[in-house]
Every structure is written in structure tokens, then in C-alpha cells.
Amino acid sequence: MIKANLSPMALSLAVLFACNPDKNPIDSTTDEPSTESSGTDSTAGDPTGDPSGDPTGDEPIVTTTEGDTSTSDPTEGSSDTTGPVDGGPACIDTPTVIAVDADTPLGNTAQGLLADKLGPRSTLLTFAEEPLSLADAWRGVTLPLSVEVRYEGGEIRWVESEINPEFGGEGFPGECLDRLEVNVGFDFVTEGLEFDEHRDGVLQFFDAESAQLRVELLPPGLNGSLDPAALYKDEEPQWIVTGIEIGATFQGAALGGSLLNEVKVGDDEEGFVGFGSVAWWGDPIDP
């Protein structure tokens, strides 16, 4: 099984983009995998990568490397690290728990930063037209959607992040950015309950104006009626959905994002794994 990597952008016209470190694009007109390699992804592990993944955006550069990368859960404690684990993490994170009304280096309290980001919003979830492997029942479909970020007393952390001087991975590690992290609840519910998701997440502020949130739905699995196995056509090569998550970006009070999916394409020997946006929702967010 070949794995390819690129930033969590979109299904752009002819391509389903990949996101684990080693993945190739899929030509939507032929649905045949490409096996070319193009170097090392210098953006892997960048905490500021746009999770909104607008499928209308430009294509990122596809890269391939050996092995996988992983990031630690920022809620685990003072020994947290982020970035590639092969040869040591790229960034060393040191979190400090703070009160909701405590001043932060971002020039406002967490309470102040959350003020225009909480509460329900009505919007639309629009599925992409590409790739052609997407099931006809979902291509271009638009669903009324309600989203809400909730703060109910969850932990708040100021995280200081610095480059690990003993980093042993390939190339120079990406930026290690200090940030404010807030444990929140996130609701993502379509009118017909294709999605009926009420999940926990970590809202990350890298400055006073913008914030990002990623929420994993599959695994463990969707609560709504949408069947991930029916998201793509039943034809060869098989596209099997192995993961689904929501990416969200705030710019001031504006909120937009995408529905991201990981797919396994083809058999174990000749297939590959891809990751990218299959739908988008909310306000337009500048990259």
C-alpha cells in the first residue's frame, strides 16, 4: 500500500489530495493512481495549516517520504511534543493551565477571545463535484447545516512551543508556534440528520483574530445516517473511507471549514491512501 502526503486542502477538479506523509494524487478522470515521487513535504506538522480545505482552491504540491509522522494530543501534559517522531519531535510544547479570565500573551483573555465564536450558526454543507469516483448521490449536493462551538468550563492552556535542538528528522522542522488552546464542544448537524455530531475538540488560537479546530468523526464513527461506505461509487478500484474529520477556521467572527476524508484506494499491493476535502461549509475564509 503506497501512502502519499500533502496539506489538508481539497478535492480540486481532477485530484483527491493526500495528507499522510507519502501520498499521491488521484486523477479523477481515470481514477488511476500515480506512482511518481517528488521529494519531502516541508509543511508537515505545521500547526497553522488551513483546515478549511476549500475544494475550489489551488492544488498543493504532492510529496512522498518514507514512513509516517504523528502529533501528540496537546491535552496530555507538560511533556507534550508535536511533529515527526522519527529521530525526535520537531517541536517541544510546554502547556500551562490558566483561568478563563486570565490575561494571555495574545492581548486578551480566553473569555474575550471566545466571545464572538460561541453559539449556533446556520449555514450550508456542499459536497464537491470531483473526483468522478464520488457517488452520484453525493456529488454537488447541498445540505442545510447547523454548527456550534460550545464552551462549558473546559481546560484552557497557554502552550509555549520551541524547536527541538535534538530534532533528528529529515530537513529543517517547520515553525513551532506558541498558542492558546481551549477544550470546547462542537456540534455539526444537518437538517436531515445525515450528520448528527456532538463532539469534543481543542480550539487553537495562534493570534487574537484567528482560531482553528479539528474534530475527528471516524473513527469512532458517525452518529448521523450517512453511510461512509456509500460515499463513493461501487466500482474498481474501490474507494473505501477509513477516516472522516471536520476542519474549521475562524477569522474574527467568521467561521468556515470542510469535511475531510481519508480513503483507501485499490488493493494492498497496488493501492494507496489519500486524504482531502470532500465537502465544505460556512463562511468563505481567506487562505
Side-chain angles (χ1 to χ4, degrees), residues 8 45-53 70-83 89 91-121 123 145-162 176-189 195-224 243-260 281-282 285:
D46 180 358
T48 62
D50 179 11
S52 63
S70 63
T71 59
S72 66
D73 184 342
T75 65
E76 289 180 357
S78 60
S79 62
D80 294 343
T81 58
T82 62
C91 300
I92 298 175
D93 290 343
T94 304
T96 301
V97 177
I98 62 175
V100 66
D101 56 355
D103 291 333
T104 75
L106 298 182
N108 202 344
T109 64
Q111 189 173 47
L113 293 170
L114 288 168
D116 61 355
K117 295 174 173 55
L118 304 179
R121 300 163 185 250
T123 184
L145 173 70
S146 175
V147 297
E148 181 174 3
V149 175
R150 296 173 283 105
Y151 178 69
E152 299 170 337
E155 185 177 274
I156 300 169
R157 299 168 297 280
W158 176 253
V159 181
E160 294 184 353
S161 185
E162 59 183 357
C176 301
L177 299 179
D178 297 344
R179 58 195 180 274
L180 184 71
E181 297 184 342
V182 182
N183 288 1
V184 297
F186 185 67
D187 299 334
F188 188 87
V189 181
F195 292 90
D196 187 16
E197 317 306 322
H198 307 270
R199 308 296 177 107
D200 295 328
V202 178
L203 188 62
Q204 296 183 321
F205 294 84
F206 295 95
D207 57 54
E209 295 299 322
S210 59
Q212 296 182 3
L213 176 70
R214 294 287 283 271
V215 177
E216 191 171 40
L217 304 181
L218 173 69
L222 300 181
N223 295 324
I244 297 178
E245 57 186 79
I246 300 166
T249 298
F250 277 100
Q251 285 184 353
L255 172 61
S258 66
L259 185 69
L260 299 144
W281 55 271
I285 301 294

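Note that this is a predicted model, so its numbers are computed, not measured. Here, residue 1 is the first one in the sequence, and each next residue gets the next number.
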A side-chain contact here means heavy atoms from C-beta on lying under 4.5 Å apart; do Thr94 and Glu162 qualify? no
Pairs under 3.5 angstrom only: tabulate donor-acceptor contacts from the side chains of residues 107-120 to other protein residues two or more places apart or in another chain.
unit_1, atom_1, unit_2, atom_2, d
Thr109, OG1, Gln111, N, 3.4
Thr109, OG1, Gly112, N, 3.0
Lys117, NZ, Gly252, O, 3.2

Rounded to the nearest 0.5 Å, how far apart are CG of Leu180 and CD of Gln204? 9.5 Å
Are any non-hydrogen side-chain atoms of Ser161 and Leu177 less than 4.5 angstrom apart? no
Considering all heavy atoms of both residues, which atom of Arg179 and which atom of Trp158 are nearest to each other, and what is their separation? O-CE3, 3.2 Å
For the atom pair CD (Gln212) and OG1 (Thr249), what is the distance rounded to the nearest 0.5 Å? 4.5 Å
Can you name the ring-ring contact (aromatic ring centres under 6.0 Å, His included) partners of Phe195, sequence neighbours left out? Phe188
Which distance, rounded to the nearest 0.5 Å, do you find between the CD of Gln251 and the CG of Asp207? 9.5 Å
Would you please name every residue forming a side-chain contact (heavy atoms from CB on, under 4.5 Å) with Asp200, sequence neighbours left out? none
On a heavy-atom basis, which atom in His198 and which in Asp196 lie closest, and how many Å separate them? NE2-OD1, 3.0 Å
Presence of salt bridge, Arg199 and Glu197, under 4.0 angstrom: yes
Which atoms form the tightest heavy-atom contact between Trp281 and Ser258, and what is the distance? NE1-N, 3.2 Å
If we only count heavy atoms from C-beta on, is the Arg157 to Val202 side-chain gap below 4.5 Å? yes
Side chains of Leu145 and Val189, heavy atoms from C-beta outward: is any pair under 4.5 Å? no
In this structure, SG of Cys176 is separated from CG of Asp93 (nearest 0.5 Å) by 7.5 Å
Can you tell if the side chain of Leu213 reaches within under 4.5 Å of the side chain of Phe250, non-hydrogen atoms only? no
Under a 4.5 Å cut-off applied to non-hydrogen side-chain atoms, are Leu203 and Phe186 in contact? no
Tell me whether Thr104 contacts the main-chain N or O of Leu106 through its side chain, where contact means a donor paired with an acceptor under 3.5 Å. yes
